[in-house]
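To keep things clear, I will list the structure first and then write my remarks on it.
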Amino acid sequence: MATLTIARAYQYAYHTYPNYTLAVTGGTLNALGDIVAQISQNILVKDHEPRPGWDPARTLRFFCLGSSMSPLLGRWNLFLERRFPLREWRIQPISFRALSKRVAADQLIMAPIGLVMFIGSMGVMECRSPRQIHEKYTDMFAPALMTNWKVWPIAQMINFRYMPLPYRIPFQSTCGVFWTLYLSMLNAKEDERQDREVALQATVR
């Protein structure tokens, strides 16, 4: 009963304030993914290494990123819905060809754009220099995109096939908790490398 009530409340909010609803949903689940990532990093730290603790600013950055990208993804899903209809009439079977085109367009167009936005936005919000942001792209973009293509096509095929349009971003964001976990740890690793490099340069000077 509680689940049904939440679903009805979400559907009402989506139809009344679609962008705000997607922004809050995406931002919250993105922040959750970073919290899980930070907990994992604290658990997996070696005994002789200091525990970094929880960085609320880092979680806030992921919330801001999720809030800004989710309305864009909502419009993208609406475009895919109209551009590649799975069937012309209700009595027709689902077109696997149209479904494949949706997934292909999502992975070949939106996935790279999303990673470019993620890496650039994180670099700016972390106050990195242009050179450091360029290094982030060099070190992170290709590995992240390859990993994306290994895990997201199946998730998006399920999403586009079975989820109604209002629930596609929440489904994607829920799956994205684990993706955010990966991106958060990848970004943190790159930040540590850059911070060590800056510290080393300071000692040399």
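These values consider heavy atoms only, across backbone and side chains, with no hydrogens, waters or symmetry-generated copies.
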Side-chain heavy atoms under 4.5 angstrom apart, residues restricted to Ile, Leu, Val, Met, Phe, Trp, Tyr: same cluster for [X] and [Y]?
{"X": "Leu60", "Y": "Val24", "answer": "no"}
{"X": "Leu29", "Y": "Leu115", "answer": "no"}
{"X": "Val124", "Y": "Phe141", "answer": "yes"}
{"X": "Phe63", "Y": "Leu73", "answer": "no"}
{"X": "Ile43", "Y": "Leu186", "answer": "no"}

Check: Does the salt bridge (charged side-chain N to carboxylate O under 4.0 Å, His left out) test come out yes or no for Arg193 and Glu190, once each step is laid out?
Finding: CA-CA 5 Å; Arg193 187 196 66 77; Glu190 176 66 16; 2.9 Å; yes
Which heavy-atom pair separates [X] from [Y] by the least distance, and what is that distance?
{"X": "Gly66", "Y": "Asn30", "answer": "N-ND2, 3.4 Å"}
{"X": "Leu86", "Y": "Phe160", "answer": "CD1-O, 3.5 Å"}
{"X": "Thr174", "Y": "Phe178", "answer": "O-CD1, 4.2 Å"}
{"X": "Leu22", "Y": "Gly74", "answer": "CD1-CA, 3.8 Å"}
{"X": "Ala98", "Y": "Pro85", "answer": "CB-O, 3.4 Å"}

If you group Ile, Leu, Val, Met, Phe, Trp and Tyr whenever their side-chain heavy atoms sit less than 4.5 Å apart, what else falls in with Tyr17?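 Tyr20, all in the cluster of Tyr17.
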To the nearest 0.5 angstrom, please state how far the [atom1] atom of [X] sits from the [atom2] atom of [Y].
{"X": "Ser129", "Y": "His134", "atom1": "OG", "atom2": "NE2", "value": "11.5 Å"}
{"X": "Thr28", "Y": "Leu32", "atom1": "OG1", "atom2": "CG", "value": "9.0 Å"}
{"X": "Met110", "Y": "Met117", "atom1": "CE", "atom2": "CE", "value": "8.0 Å"}
{"X": "Asn19", "Y": "Tyr14", "atom1": "CG", "atom2": "OH", "value": "9.0 Å"}
{"X": "Gln172", "Y": "Ile158", "atom1": "CD", "atom2": "CD1", "value": "12.5 Å"}
{"X": "Arg83", "Y": "Arg102", "atom1": "CZ", "atom2": "CZ", "value": "11.5 Å"}

Check the pair Phe118 / Phe62 against side chain to side chain contact (heavy atoms under 4.5 Å, CB included), numbers first and verdict last. CA-CA 9 Å; Phe118 168 77; Phe62 273 86; 3.6 Å; yes
Would you mind reporting whether [Y] and [X] have side-chain heavy atoms less than 4.5 Å apart?
{"X": "Leu145", "Y": "Pro112", "result": "yes"}
{"X": "Ile169", "Y": "Asn77", "result": "yes"}
{"X": "Arg58", "Y": "Ser184", "result": "yes"}

So, using side-chain hydrogen bond (donor to acceptor under 3.5 Å, both in side chains) as the criterion, who are the partners of Asn187 when residues are at least two apart?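 Residues passing side-chain hydrogen bond (donor to acceptor under 3.5 Å, both in side chains) with Asn187: Glu126, Lys136, Asp191.
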Problem set entry | Qualifying residues under side-chain hydrogen bond (donor to acceptor under 3.5 Å, both in side chains), relative to Arg131, sequence neighbours excluded |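 Here the qualifying residues are Glu135, Glu197.
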Might you work through the side chain to side chain contact (heavy atoms under 4.5 Å, CB included) test for Val151 and Tyr182, ending with a clear yes or no? CA-CA 12 Å; Val151 299; Tyr182 165 75; over 6 Å; no
query = Around atom OH of Tyr162, are there more than 12 heavy atoms of other residues, nucleotides or ligands at under 6.0 Å?
reply =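 12 or below, so no.
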- [ ] Mark yes when over 12 heavy atoms from residues, nucleotides or ligands other than Ile154 sit less than 6.0 Å from its CD1; otherwise mark no.
- [x]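 Counting other residues, nucleotides and ligands, CD1 of Ile154 stays at 12 neighbours or fewer.
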Short side-chain to backbone donor-acceptor contact, [X] and [Y], under 3.5 Å:
{"X": "Asn42", "Y": "Gln38", "result": "yes"}
{"X": "Gln194", "Y": "Gln132", "result": "yes"}
{"X": "Arg161", "Y": "Leu99", "result": "no"}
{"X": "Ser70", "Y": "Ala23", "result": "no"}
{"X": "Trp54", "Y": "Ile35", "result": "no"}
{"X": "Thr21", "Y": "Ala13", "result": "yes"}
{"X": "Tyr10", "Y": "Tyr167", "result": "no"}
{"X": "Arg128", "Y": "Ile133", "result": "no"}

Determine the interplanar angle of the Trp152 and Trp179 rings, folded into 0 to 90°, and report it as parallel if under 30°, tilted if 30 to 60°, perpendicular if over 60°.
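Answer is perpendicular, since the angle exceeds 60°.
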If the plane angle is over 60° it's perpendicular, under 30° parallel, otherwise tilted; pick one for Phe84 and Phe79.
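Taking Phe79 first and then Phe84, their aromatic rings stand perpendicular (interplane angle over 60°).
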task = Using the side chain to side chain contact (heavy atoms under 4.5 Å, CB included) rule, take Asp55 and Arg61 through it: C-alpha gap first, then chi angles, then the decisive distance, then the call.
result = CA-CA 10 Å; Asp55 182 1; Arg61 288 193 291 270; 4.1 Å; yes
* Where do Tyr137 and Val116 land on the side chain to side chain contact (heavy atoms under 4.5 Å, CB included) test, with the steps shown first? -> CA-CA 8 Å; Tyr137 280 114; Val116 167; 3.7 Å; yes
